[in-house]
Structures are given as C-alpha cells and as structure tokens.
Student: 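Would you mind keeping the following structure in view while I ask a few things?
Throughout, residue positions are numbered sequentially from 1 according to the sequence presented. If you're wondering where the values come from, they're calculated on a predicted model, not measured in any experiment.
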Amino acid sequence: MKKKIFDIIQIGDKSNFASRLFDWFLVVVILLNIGTMFLLTFESLKDYFWLMQIVENVTTLVFCVEYGLRIWTADLLYPQRGKINARLRFLVSYDGIVDLLTILPWFFLTGFIVFRMLRVVRILHLFRINAKYDSFNVITSVLYERKNQIASSLFIIFILMMASSLCMYSAEHEAQPEAFRNAFSGIWWTSSAILTVGYGDIYPVTVLGRAMAVVISFLGVGVVAIPTGIISAGFVEQYSRDAQAEKRRDLASIGEILIDEEHGFCGKSIAEITKVENITIYLVLRGKLHLIPTGELVVENGDIVFVEKR
C-alpha cells in the first residue's frame, strides 16, 4: 500500500495514470487556494468570505495530508537511508521546507503573508515534471553557467547606484533638504532612474542635478542592459548546444550496410525492405551516385545503404 501511494504522489510519472491524475488534482487545489487568498482581500465580496474560508481550509488540509504522506513514504524516496534518516532528509530538503512553510501559517503566524505566498512556489514544484528538458532547466543552467558575469554586472549597477546617489545628494541637498537628507536618501531616485521607471516623487530641481540626472539615466539604460545581454546570449548558446547534441545523437544512431548478392536486401525495392524490416533508409550510395531512397528504388549488389532502426 505504501509503495502504491508513493508511486501516485511522485511528480511527473507519466507511465502512471493515477500519478498524473494526482498531479493535475494538486494543480487545481493550489490554484483554488491561491485564488481564494486573493479574493479574501476584496471587501465587495465580504458576503462570500465564509465560503472562501471553507475552500481555503479544505485546500490547506489537502496540503497537510500530502505533506504527511510524503513524510510517511520518504524511506522509499531515499532507499539508501534508514526510515528515520530518510524522513529527516526529506524534512530538510527543498521540497520538504517549501511544503512545511506552505501549511505553517494555517496553524499560526497567519500574518506572515510571505509564507502563504509560498503556495505559488508549489506550482513551480509541480512543473518539475519536465525538469530534465524544459525551459525551467534551461533557465537554471544558464544562470548557473553565467553566474560570475551576472554577479559582476550587478556589482557595476550597485557601484553606479551608490555614486549616483552621492552625486545627487551633493547637487540637490541645499535645494531640497527634505528629499535629499543624506547620501543614502538618493538611492530611491537612483533606482527608479536607472531602471527607467521614474516615479516622479523625488526629482532634481537644480541645473546641475538635472544635468547629472540625464547622464545617470543614459548610463542606467546601458548598464541594466548588460545582465540582460549576458542571459540572452547564454540562452542562445544553451539552445545551440542542445541542438548540436541532438544532431550528434541522431547521427550516432545511423549505420551503413554494404549490400552483396547474399544479403537479404539485394534485389528488393525500398518499399519492400521497409515494409518487412523496422528500419528507415535515408540514402543509397551506388558508385559515385547518391540515390534518394524512393519506394520504387531497387537495391543492387555493391550498394551502400544508410539506415536507422526505428
């Protein structure tokens, strides 16, 4: 029974219909839970709060049951460990911590909205179904490979923010002592200027301050584009590597056969060969000729046939 439950609650088991059904059931439960959490903030829906509370309690109870089942079956997830060590290993794992913080505010700490929002992370947890080949895996691979370049570009942005804040303080403090009280008070304006948001709540009024703001804004556009370019180039490189690896795998599965009079293919047409044999014929070499393997083409003695097993 434990093994059956373990197989069902494992994410991404496409061979198990019950497991796939459970995955989609969990997606629906998570969406219901998140939806009610947001709807509870609408005062106009106050008359339906009691229903939303029921939905939230039921969905959170489902999370609790799932969490308990995962702890119970942890020894099957980590078979090399003992029962107690396996359960402890699950409790301190990423999945175990996220599952715990998801249900923790239901019992206490209800004001910690950041814990409640970890339910959104559970959807990403479910999307690990295609973790070996989907976009999430590509994103994490690119970020890990380019972490040094990204860290360097973020450091440059940080230095620019500090320098810009100090410059704006020097230029605007006397004109706007309340807005620019110290060197750090200009960080808010610098952030909005560099990120090209420009809220307008704090802005320079002096000629020197406005001149600096123009320069800082232009620098911000260029500097913020650096990590974007690094990540974009990483994506292109990763996809190119994947495409090349796929081509190499395809070529590795293709073989060649030298046809002689004793070979079973000799004298047969491509259509006859492929009908009987579970292969795909891509090319026929006949002397210096490269023949397209149409169905009517007859394989002759001395031909070299390039095939792939289906």
Side-chain angles (χ1 to χ4, degrees), residues 34 37-44 94 97-98 101-102 104-105 109-125 127 135-240:
I34 296 173
M37 184 174 63
F38 278 90
L39 290 176
L40 282 169
T41 62
F42 288 82
E43 289 294 331
S44 59
Y94 171 80
I97 293 174
V98 169
L101 294 180
T102 295
L104 200 61
L109 302 177
T110 55
F112 285 74
I113 189 66
V114 64
F115 286 175
R116 294 163 63 87
M117 286 304 298
L118 282 174
R119 295 168 186 170
V120 179
V121 180
R122 294 176 64 90
I123 295 182
L124 296 179
H125 173 78
F127 281 137
S135 300
F136 289 107
N137 186 53
V138 173
I139 291 172
T140 54
S141 299
V142 170
L143 293 179
Y144 180 78
E145 291 179 359
R146 302 300 178 104
K147 61 181 182 299
N148 293 332
Q149 296 94 322
I150 295 174
S152 299
S153 61
L154 292 178
F155 180 73
I156 294 174
I157 294 174
F158 174 76
I159 295 300
L160 177 60
M161 288 178 60
M162 294 296 101
S164 301
S165 177
L166 185 60
C167 289
M168 293 304 295
Y169 168 77
S170 302
E172 296 290 325
H173 174 66
E174 293 185 3
Q176 302 183 79
E178 291 297 324
F180 295 91
R181 295 181 181 179
N182 50 55
F184 288 100
S185 62
I187 292 179
W188 171 251
W189 175 86
T190 305
S191 300
S192 62
I194 289 179
L195 298 177
T196 66
V197 178
Y199 291 107
D201 52 345
I202 299 176
Y203 54 90
V205 296
T206 64
V207 175
L208 179 60
R210 290 179 176 178
M212 287 183 178
V214 172
V215 176
I216 292 169
S217 297
F218 275 104
L219 288 175
V221 172
V223 171
V224 172
I226 293 176
T228 305
I230 291 173
I231 296 173
S232 300
F235 284 148
V236 173
E237 184 178 334
Q238 182 67 32
Y239 280 116
S240 298

Student: Which residues pass the salt bridge (Lys or Arg N to Asp or Glu O under 4.0 Å) test with Glu237, sequence neighbours left out?
Tutor: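 Expected list: Arg146, Arg241.
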
Student: Among pairs that include at least one residue of residues 149-172, which meet ring-ring contact (aromatic ring centres under 6.0 Å, His included), considering only residues two or more places apart or in two chains?
Tutor: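 Sorted result for residues 149-172: Tyr169-His173.
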
Student: Minimum heavy-atom separation for Pro204 and Met168, please, with both atom names.
Tutor: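 The answer is CB-CE, 3.5 Å.
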
Student: Closest heavy-atom contact between Thr206 and Glu172?
Tutor: OG1-OE2, 2.5 Å

Student: Rounded to the nearest 0.5 Å, how far does CD1 of Ile34 lie from CG of Leu39?
Tutor: 12.0 Å

Student: Where do Val205 and Ala175 come nearest, in terms of heavy atoms and distance?
Tutor: CG2-CB, 3.9 Å

Student: Side-chain polar contacts of residues 225-234 - donor-acceptor pairs under 3.5 angstrom, sequence neighbours left out - could you list them?
Tutor:
{"residue": "Thr228", "atom": "OG1", "partner": "Val224", "partner atom": "O", "Å": "3.4"}
{"residue": "Ser232", "atom": "OG", "partner": "Thr228", "partner atom": "O", "Å": "2.8"}

Student: How long is the span from the CD atom in Gln176 to the CD atom in Glu178, to the nearest 0.5 Å?
Tutor: 10.5 Å

Student: Check the pair Leu154 / Ile150 against side-chain contact (heavy atoms from CB on, under 4.5 Å), numbers first and verdict last.
Tutor: CA-CA 6 Å; Leu154 292 178; Ile150 295 174; 4.0 Å; yes

Student: My understanding is that only residues two or more places apart in sequence, or in another chain, count here; which of them pass side-chain hydrogen bond (donor to acceptor under 3.5 Å, both in side chains) with Glu43?
Tutor: none

Student: If the condition is side chain to side chain contact (heavy atoms under 4.5 Å, CB included), which residues does Thr190 pass it with, not counting sequence neighbours?
Tutor: Met161, Ser164, Ser165, Ile194

Student: Which residues pass the side chain to side chain contact (heavy atoms under 4.5 Å, CB included) test with Val215, sequence neighbours left out?
Tutor: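 For Val215 the side chain to side chain contact (heavy atoms under 4.5 Å, CB included) partners, ignoring immediate neighbours, are Leu219.
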
